[in-house]
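Data block below; observations after.
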Amino acid sequence: MFRPLLLILLVWAFAAPGVSHGKTAENHITVALFGASSMRTSYLPKGQQHHDLLKAALSKAAPEYTFEVLNWADDGEFIPRYLIKGRYDRHLKRGIRPDVAIIRFGVNDQKYCDPREFAGQLETFIDLLIEDFPGIAILLETGMYVDFPAHYHYDRESVLSAYWKAARAVAEKRGFPVVDFHAVSKKETLAGNWDLRIRLTDRKTEPYVFDNRLDAERGHNTVWFSDIHPNPEGARLAVETEVPVLLSWLKERKAATASRTFGQPRDYTALLDFPPERFTRKHRGNTPTDYLQDPVDP
């Protein structure tokens, strides 16, 4: 008469998370990605987006762990907007506690602040994560290298490289690992593997183009190549850069503790000294910008 109950218990024991195959809460790792569209990669097909690739790569590299990768990046974002407009708080309200944060801001931040201010905002963002998720590991990531003049219509590389330098400096100051995607993508590009970005199409009339099938038709116009978003190959390279850094952290990881209970939203405007009018006043030192990176309202 007890056999049905016994059967149910056995099924639960083998199917419940953290029980089967010897996997427990201690070896379940939650990774949260923070940044803008080049990290969110919502334009890529499902299964090929950044979080999909990272979860698959981590699961293959460290099968003794289970991984959850949360893509908390959002299209068009930069640090003040991400905080002030409420996107960060919405993720915080979910009550999920990441073990690791990978942070790659900079492309859109460059349009609204200089590298020095960006560094300060990055440190403020890090401090918030540490307060809200005690014990969280912080990994700072640099962004895509662009090869002007061969495959970009203006020298965006010289503009953005100062922001990647600022991110490295913050990492060194705070003792955080760097995922140097900029250095790796530059090395790949200079070695001849330059095709790491999508093409600059008009989203109103054309679909996304991820590869070289229309390059000859477009006459190899450098404007055609002037999109900073990674294509599937670029996203794969970013993930390959992240995995060794994450695995190195795993060897010495300390479990995160309970996160802060979400209460009244903070005054991020005052915290960052970023009044609302600055959202419509772009950085004066800006050169021509990629219109595909304009912020998207939440």
Exercise for the section: Can you measure from CG (L140) to CD (E123) and round to the nearest 0.5 angstrom? Expected result: 9.5 Å

Handout entry: Plane angle bin for Y88 and Y82 - parallel if under 30°, tilted between 30 and 60°, otherwise perpendicular
Key = tilted

Practice task
Would you check, one step at a time, whether the test side chain to side chain donor-acceptor pair (under 3.5 Å) holds for N231 with Y208?
Solution key: CA-CA 10 Å; N231 62 15; Y208 288 102; over 6 Å; no

Exercise for the section: Look at the aromatic rings of Y43 and F210 and report parallel, tilted or perpendicular, splitting at 30° and 60°. Expected result: tilted

Handout entry: Plane angle bin for Y112 and F78 - parallel if under 30°, tilted between 30 and 60°, otherwise perpendicular
Key = parallel

Exercise for the section: Using the side-chain contact (heavy atoms from CB on, under 4.5 Å) rule, take L54 and L33 through it: C-alpha gap first, then chi angles, then the decisive distance, then the call. Expected result: CA-CA 10 Å; L54 181 56; L33 308 178; 4.0 Å; yes

Problem - salt bridge (Lys or Arg N to Asp or Glu O under 4.0 Å) between D180 and R168, intermediate numbers included - result: CA-CA 8 Å; D180 207 340; R168 294 186 192 101; 2.9 Å; yes

Practice task
Could you pull out the closest heavy-atom pair between A36 and A73, with the gap in Å?
Solution key: O-CB, 3.6 Å

Exercise for the section: Could you tell me whether the side chain of R253 reaches within less than 4.5 Å of the side chain of D99, counting heavy atoms only? Expected result: yes

Practice task
State plainly whether one hydrophobic cluster holds both V170 and L272, where clusters connect Ile, Leu, Val, Met, Phe, Trp and Tyr through side-chain heavy atoms under 4.5 angstrom apart.
Solution key: yes

Problem - Check: H50 main-chain N/O paired with T41 side-chain donor or acceptor under 3.5 Å - result: yes

Exercise for the section: Only counting residues at least two apart or in another chain, list the ones meeting side-chain hydrogen bond (donor to acceptor under 3.5 Å, both in side chains) with S42. Expected result: D75

Problem - Side chain D114, main chain E117, donor-acceptor under 3.5 Å - result: yes

Exercise for the section: Evaluate the side-chain proximity of R278 to C113: yes if any heavy-atom separation is below 4.5 Å, no if none is. Expected result: yes

Problem - Side chains of W249 and V100 in contact at under 4.5 Å (non-hydrogen atoms) - result: yes

Handout entry: Validation row, ring centre F105 to ring centre F118 under 6.0 Å
Key = no

Exercise for the section: Evaluate whether atom CD of E277 has more than 12 neighbouring non-hydrogen atoms of other residues, nucleotides or ligands under 6.0 angstrom away. Expected result: yes

Practice task
Establish whether I130 and L92 are linked, either directly or via other cluster members, by ILVMFWY side-chain heavy-atom contacts under 4.5 Å.
Solution key: yes

Problem - Rounded distance [0.5 Å steps], CG in N221 versus NE2 in H153 - result: 9.5 Å

Handout entry: Any donor-acceptor pair under 3.5 Å from T241 side chain to F181 backbone
Key = no

Practice task
Could you walk me through whether R218 and R199 pass side-chain contact (heavy atoms from CB on, under 4.5 Å), step by step?
Solution key: CA-CA 10 Å; R218 297 304 171 103; R199 304 309 193 252; over 6 Å; no

Practice task
Search all heavy atoms of S259 against all heavy atoms of F133 and return the closest pair with its distance.
Solution key: CB-CD2, 3.7 Å

Problem - pair I102-E242: side-chain heavy atoms closer than 4.5 Å - result: yes

Exercise for the section: Decide, yes or no, whether a salt bridge links K55 with E68 under the criterion of side-chain N to carboxylate O below 4.0 Å. Expected result: no

Exercise for the section: Could you check D147, D227, D211 and say which one makes a salt bridge (charged side-chain N to carboxylate O under 4.0 Å, His left out) with R197? Expected result: D147

Exercise for the section: Show your reasoning for whether side-chain contact (heavy atoms from CB on, under 4.5 Å) applies to T189 and K186. Expected result: CA-CA 5 Å; T189 299; K186 180 177 181 178; 5.7 Å; no

Problem - Nearest atoms (heavy-atom pairs only) where T201 meets P207 - result: OG1-O, 3.4 Å

Handout entry: Side chain S185, main chain Y145, donor-acceptor under 3.5 Å
Key = yes

Practice task
Report yes or no: does E206 contribute a side-chain atom to a donor-acceptor pair with the main-chain N or O of D202 at less than 3.5 Å?
Solution key: yes

Exercise for the section: State plainly whether the residues R174 and D127 are in salt-bridge range, i.e. N to O under 4.0 Å. Expected result: yes

Problem - Side-chain ion pair, R266 and D132, N-O less than 4.0 Å - result: yes

Problem - same_hphob_cluster(V69, Y65) at 4.5 Å side-chain heavy-atom cutoff - result: yes

Practice task
Please tell me if the side chains of I198 and P230 come closer than 4.5 Å, counting only heavy atoms from C-beta onward.
Solution key: no

Exercise for the section: Look only at the side chain of N212 and the backbone of D215, and say whether a donor-acceptor pair between them is shorter than 3.5 Å. Expected result: no

Exercise for the section: For F67 and S59, work out which heavy atoms get closest and say how close. Expected result: CD1-N, 3.9 Å

Problem - Cluster overlap M144 with L190, hydrophobic side-chain contacts below 4.5 Å - result: no

Fill in the blank from the handout: OG1 (T142) and CD1 (I103) are apart, to the nearest 0.5 Å, by 13.0 Å

Practice task
Would you check if I126 and Q121 make a side-chain contact, meaning some heavy-atom pair closer than 4.5 Å?
Solution key: no

Problem - Verdict with reasoning, S38 to H229, per side chain to side chain donor-acceptor pair (under 3.5 Å) - result: CA-CA 5 Å; S38 61; H229 296 80; over 6 Å; no

Practice task
Would you check if the side chain of D89 reaches a backbone N or O of L83 as a donor-acceptor pair within less than 3.5 Å?
Solution key: no

Exercise for the section: State, yes or no, whether a side-chain contact exists between F274 and T269 at a heavy-atom distance under 4.5 Å. Expected result: no

Exercise for the section: Could you please spell out the steps behind the side chain to side chain donor-acceptor pair (under 3.5 Å) verdict for Q49 and R40? Expected result: CA-CA 7 Å; Q49 294 177 10; R40 179 61 190 86; 3.1 Å; yes

Completion exercise
Rounded to the nearest 0.5 angstrom, the NZ-CG distance for K165 and L160 is 14.5 Å

Practice task
Identify the heavy atoms of P177 and V245 that sit nearest to each other, and give their distance.
Solution key: CB-CG1, 3.7 Å

Problem - Connected via hydrophobic side-chain network under 4.5 Å: F176 and L122 - result: yes

Practice task
Please work out whether the ring planes of H182 and W164 are parallel, tilted or perpendicular, with thresholds of 30° and 60°.
Solution key: tilted

Practice task
Supply the atom-to-atom distance F262 CZ to R90 CZ, rounded to the nearest 0.5 angstrom.
Solution key: 10.5 Å

Practice task
Could you give me the CA-CA distance, side-chain angles and deciding distance for L271 and L128, then say whether side-chain contact (heavy atoms from CB on, under 4.5 Å) is met?
Solution key: CA-CA 11 Å; L271 185 64; L128 292 171; 4.1 Å; yes

Problem - Which atom of A235 lies closest to which atom of L53, heavy atoms considered - result: CB-CD1, 3.8 Å

Handout entry: Check: S158 side chain, D155 main-chain N or O, donor-acceptor pair, under 3.5 Å
Key = yes

Exercise for the section: Find out whether Q110 and V159 are in side-chain contact, i.e. whether some heavy atom of one side chain is under 4.5 Å from a heavy atom of the other. Expected result: yes

Practice task
Mark yes or no: K85 above the aromatic ring of F279, with NZ or CZ under 6.0 Å from the six-membered ring centre and no more than 45 degrees from the axis.
Solution key: yes

Exercise for the section: With rounding to the nearest 0.5 Å, note down the distance linking CG in N193 to CD in E188. Expected result: 5.0 Å

